[in-house]
Novice: 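Take a look at the following structure, please.
Each chain gets a letter, A, B and so on, in the order the sequences are listed, and its residues count up from 1.
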There are 4 protein chains.
Amino acid sequence: MERFSGLVAAPFTPMNDKGEVQYDRIGSYYDFLAANRVVGAFVNGSTGEGVSLSVKEKMRLTEEWARQAKSKGTVKVITLVGGTSYVECIELALHAQEQGVHAIALLAPFYFNPPNAAQLVEFVARVASSVPNLPVYFYHIPVLSGCYLSMFDFLKEADGVIPNLAGIKYTHEDFMDFLSCTNFMHGKYEMMWGRDEAFLSALVLGARSAVGSTFNYAAPLYYQLIQAYDRGDFVTARQLQQQSIDMIRLLGKFGGIATGKAYMRYIGLDCGRFRTPVQNMDETQYQPFCSAVQSLQMETLFSKI
Amino acid sequence: MERFSGLVAAPFTPMNDKGEVQYDRIGSYYDFLAANRVVGAFVNGSTGEGVSLSVKEKMRLTEEWARQAKSKGTVKVITLVGGTSYVECIELALHAQEQGVHAIALLAPFYFNPPNAAQLVEFVARVASSVPNLPVYFYHIPVLSGCYLSMFDFLKEADGVIPNLAGIKYTHEDFMDFLSCTNFMHGKYEMMWGRDEAFLSALVLGARSAVGSTFNYAAPLYYQLIQAYDRGDFVTARQLQQQSIDMIRLLGKFGGIATGKAYMRYIGLDCGRFRTPVQNMDETQYQPFCSAVQSLQMETLFSKI
Amino acid sequence: MERFSGLVAAPFTPMNDKGEVQYDRIGSYYDFLAANRVVGAFVNGSTGEGVSLSVKEKMRLTEEWARQAKSKGTVKVITLVGGTSYVECIELALHAQEQGVHAIALLAPFYFNPPNAAQLVEFVARVASSVPNLPVYFYHIPVLSGCYLSMFDFLKEADGVIPNLAGIKYTHEDFMDFLSCTNFMHGKYEMMWGRDEAFLSALVLGARSAVGSTFNYAAPLYYQLIQAYDRGDFVTARQLQQQSIDMIRLLGKFGGIATGKAYMRYIGLDCGRFRTPVQNMDETQYQPFCSAVQSLQMETLFSKI
Amino acid sequence: MERFSGLVAAPFTPMNDKGEVQYDRIGSYYDFLAANRVVGAFVNGSTGEGVSLSVKEKMRLTEEWARQAKSKGTVKVITLVGGTSYVECIELALHAQEQGVHAIALLAPFYFNPPNAAQLVEFVARVASSVPNLPVYFYHIPVLSGCYLSMFDFLKEADGVIPNLAGIKYTHEDFMDFLSCTNFMHGKYEMMWGRDEAFLSALVLGARSAVGSTFNYAAPLYYQLIQAYDRGDFVTARQLQQQSIDMIRLLGKFGGIATGKAYMRYIGLDCGRFRTPVQNMDETQYQPFCSAVQSLQMETLFSKI
């Protein structure tokens with residue numbers, strides 16, 4: 001099965017002033033990620049506003065990203081086909097397979113919450129079995145999906161039932177659960193860390209791959225963090241993790257997830273605004289935001305355009 | 001604008017053993033509701049598993065229900081076009097309008113939660129403005145959508161901004177908020193009560209319409225409750241409300257929302273099972289369930305097939 | 001057993017500028033409640049800041065209130081002896097019994113949450129059995145105690161096990177649970193409604209007694225509401241309930257529970273401030289608060305000093 | 001100020017069959033901790049059932065533990081004086097000071113939740129200023145206190161206002177917040193890690209001290225984990241952390257916090273049962289529990305009696 005070692009970015013979806021997707025910018029976005037040594041693109045995820053897109057838009061985005069990967073090959077593509085209807089997830093999965101993506105990912109259905117691991121496995125299995133040759137990652141993000149089931153329980157229930165289950169994108173801070181999953185069946189499943197602000201605490205548990213939104217604009221920071229960790233220089237590693245935290249804290253200060261697009265604009269790759277119901281920064285806040293970013297003094301740690 | 005006075009049922013979606021929608025049964029379902037004096041059908045809602053259907057399936061269901069209403073006319077149709085993407089909601093709204101539904105309804109987007117009433121209004125307004133001549137109801141169901149914003153705040157923000165906003169289907173137990181909405185602008189907005197188990201407590205606040213799942217199989221119970229209330233016979237009204245509660249308590253005991261389909265099977269209108277991730281009763285539980293229902297001794301209160 | 005029919009106020013605890021309890025003001029507070037036809041005083045509750053007082057202070061307050069009741073007799077006294085340690089609850093219960101209170105009340109322990117009704121009953125039973133001749137009320141207020149167990153389940157488990165259980169002060173908005181408790185064993189247990197803003201919705205279910213904080217300063221409003229309900233004048237009843245809501249909404253607007261003491265100051269019975277960690281209104285907000293109260297135009301509905 | 005480097009255990013409170021505290025066993029408990037190289041005892045905490053004890057019992061326990069420390073000196077004593085009433089907290093703090101404890105700790109008040117960091121600081125400051133020469137630790141355990149305020153915000157607000165604030169016992173899994181606190185003012189405040197199951201992830205962030213319940217019965221496991229981490233042997237460190245997790249998972253499987261006392265009985269230091277409302281294992285479950293513990297094959301990692 002395909003494996004990702006390194007940083008996988010969850011790309012933002014570029015939009016114009018009317019909130020329409022700018023598909024023609026995916027090519028340069030792809031090159032930008034490649035140039036910053038990002039190894040994968042997690043398409044239509046939370047950062048990419050997958051849930052705010054229509055089925056058609058999601059399919060079109062998958063096509064564009066997959067086409068880039070096919071012709072250029074450096075950055076692998078995982079596309080999120082998750083939703084609340086397994087019928088629609090299967091449509092998206094089959095479409096993604098046709099486009100030649102490297103893997104798909106599935107969310108817990110987020111309206112009717114699965115009441116237990118068995119029910120979650122049944123949902124995932126229905127979709128996974130429609131594309132038996134494609135690696136499937138489960139995307140665990142309870143704060144948004146509302147599904148707080150233990151992933152260790154999920155793996156125990158899924159193992160042997162979902163043959164193409166490849167791993168978990170783990171966007172939650174439960175290290176007991178995370179380490180248990182990492183060690184399950186001698187590391188059979190790839191655990192991709194999803195909380196950039198606690199990356200060092202996952203590295204020490206053996207994580208080697210991660211999916212994040214800040215890898216879009218600050219990949220160098222995290223590669224330096226990995227290097228410091230690998231050479232046993234924890235003082236530097238902690239300092240870099242703190243810089244990542246200071247950077248991420250500005251998201252909270254300036255209004256949340258949409259601030260990620262403000263960072264993209266800051267580094268020179270303007271992706272427009274988030275669609276409602278996500279709240280965007282007022283235009284008047286953008287200059288104060290830039291000043292705040294500058295005061296972090298981390299210009300060398302941002303991705304290069 | 002269209003108004004609903006009386007009981008609006010949220011129909012279950014009939015499915016066969018493979019979990020496929022049985023569109024050809026909508027006609028008889030419509031007749032059944034009409035025969036039980038139900039005044040409206042709230043299509044593709046929570047009870048109807050709207051989120052578990054694909055866009056195509058939702059459109060097809062809307063077509064079938066609207067076709068019935070057009071030819072028979074007794075039961076009005078509201079169709080839920082809500083979701084997480086306003087682009088897709090607009091597609092569904094335009095389609096619903098073409099089919100000639102009486103009204104549409106919208107949910108709060110349930111992945112990215114609107115952070116305040118203004119943002120929720122922006123989301124609803126985008127969709128509502130695409131069908132300016134169609135009444136729009138907001139469907140407030142925080143326990144599933146995760147959006148606990150005050151509806152009184154929502155109305156204050158929406159009034160004047162969403163001209164075709166007709167009212168709220170209020171599936172939450174906050175009577176302070178509910179009464180405030182009822183009295184807002186001298187009753188300008190239709191407040192449809194959505195918690196069947198507390199219907200009497202809403203009647204006394206002036207509610208005259210309600211949307212519910214138990215109106216599918218126990219419409220007579222609630223019409224008797226309304227009559228008892230109207231003639232000031234509160235002893236009978238409380239007794240009927242208690243019977244409604246005893247009936248609803250079996251849902252909790254036998255596993256949740258899917259038990260509604262067990263009630264439908266019990267009265268003779270089998271709609272199959274709920275799609276995963278909703279958990280269905282084991283077949284072995286069905287007989288104990290039937291015994292429990294019989295011990296409620298409320299046969300005359302169930303809808304007649 | 002003692003029964004309360006009518007309005008039971010949960011008195012505020014009068015404090016001086018240093019945050020010390022002013023025991024010598026209980027006498028006039030008692031007379032004030034009596035003059036406004038309040039039938040009971042629920043001492044050391046949430047409104048009375050019981051949890052912010054020391055054991056000694058709580059005992060001293062119970063003594064003062066009980067002494068008033070003994071000599072004057074019009075207003076009955078229930079004192080809350082609840083806490084997280086049953087050993088300490090028993091100390092408080094025995095002390096309360098010695099003072100001759102009419103009843104005691106118990107909270108769910110609010111640090112270690114009881115995992116089920118059986119465990120909650122065990123906790124309550126230990127304390128109740130130490131004062132077998134005193135009526136015991138369970139004080140259900142999940143939003144503060146964190147205990148969301150069904151009271152219907154609690155009663156089923158407690159019945160026969162806690163002989164002196166007299167009823168429940170029900171400060172929660174779950175009318176299915178409330179009506180089920182009301183009807184349990186043909187009304188064996190007294191259900192005292194605790195959400196002033198939804199009083200009318202409880203009256204229609206048969207509630208005849210209530211415990212509240214706003215009965216301190218707006219008893220006339222609620223007595224008029226009861227009268228309107230009793231004569232079947234629901235238009236007036238709803239209007240009064242709306243006025244209660246408008247009054248209560250100012251609590252939210254001006255910062256929460258401490259605003260209750262601002263209302264007391266407004267009507268002329270200044271009780272000082274709430275102890276930290278409850279946040280009090282800034283002194284600069286007091287005039288805007290008074291203006292807001294005046295604009296409610298409900299002077300005749302406030303308690304008379 | 002006093003500093004703790006190493007493992008601080010939160011002792012269980014030994015009780016007899018009647019649920020009475022066995023004060024005469026504190027001496028041998030103290031020796032047991034010392035023999036297992038535990039550097040501190042966190043008395044009257046969650047593990048010690050502080051909230052289930054009366055004020056008198058808490059004082060008596062503090063006296064016993066402090067007396068041991070005074071005469072033997074190897075294990076330092078921190079005693080939790082936290083509660084919901086600052087008046088009572090001050091009584092407990094003054095008493096603790098008289099007994100000569102090394103430090104006190106304070107919880108967020110857990111009935112009325114502090115609405116912001118300023119209000120929490122006001123609460124803590126009132127108590128801390130009553131014992132200006134005693135180090136004060138804030139005990140952050142949101143899952144029980146309900147206070148989810150950021151500790152980084154707390155420190156920013158407290159710094160300069162609470163001169164004897166020494167640090168935080170951090171029992172929560174928010175590594176962004178934890179690292180920010182660790183780095184605040186160049187490490188001015190001692191951050192004591194409180195989630196044993198994620199200890200390795202805190203070590204890599206620089207944590208050198210920890211407070212936990214499992215250090216009572218498995219101190220050797222964690223000292224070996226520290227050693228493995230210190231020599232850069234992360235494979236062994238992860239394996240030990242996994243063993244800690246497997247041990248802790250049995251708490252969940254056998255019913256929660258009370259299972260800690262079952263572990264104590266297993267290693268030979270029976271402390272009786274938890275007081276209600278905490279649920280204890282049925283006696284019939286004890287043998288299955290012992291079998292489950294034996295199958296963990298970690299006998300050499302348990303504390304020696």
Novice: If we ignore hydrogens and angles and just use 3.5 Å, is the side chain of B:Gln243 paired with the main-chain N or O of B:Met298 as donor and acceptor?
Specialist: no
Novice: Checking C:Tyr229 against chain B: side chain, backbone, both or neither under 4.5 Å from a heavy atom?
Specialist: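 It is the side chain, since no backbone atom gets that close.
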Novice: Measure C:Gln239 against the heavy atoms of chain B and call it side chain, backbone, both or neither at under 4.5 Å.
Specialist: neither
Novice: Against the six-membered ring of C:Phe274, is C:Lys261 placed for a cation-pi contact (under 6.0 Å from the centre, within 45° of the normal)?
Specialist: yes
Novice: Looking at B:Phe138, is B:Lys169 sitting on its ring face, NZ or CZ under 6.0 Å from the six-membered ring centre and within 45 degrees of the normal?
Specialist: no
Novice: Looking at B:Glu197, B:Arg249, B:Gln241, which one has more heavy-atom pairs under 4.5 Å with chain C than the rest?
Specialist: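 Among the listed options, the one with the most contacts to chain C is B:Arg249.
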Novice: Between C:Arg195 and chain B, with a heavy-atom cut-off of 4.5 Å, which part of the residue counts as in contact: side chain, backbone, both or neither?
Specialist: neither
Novice: Do the rings of B:Phe175 and B:Phe178 sit parallel, tilted or perpendicular, given the 30° and 60° boundaries?
Specialist: perpendicular
Novice: I'd like to verify something: which residue of B:Gly232, B:Ala202, B:Ala198, B:Gly206 has the highest number of heavy-atom pairs under 4.5 Å with chain C?
Specialist: B:Gly206
Novice: Determine the option with the most heavy-atom pairs under 4.5 angstrom with chain B, choosing from C:Leu205, C:Leu200, C:Asn183, C:Leu203.
Specialist: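 So the answer, after comparing C:Leu205, C:Leu200, C:Asn183, C:Leu203, is C:Leu205.
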Novice: Donor-acceptor pair, C:Asp177 side chain versus C:Phe152 backbone, under 3.5 Å?
Specialist: yes
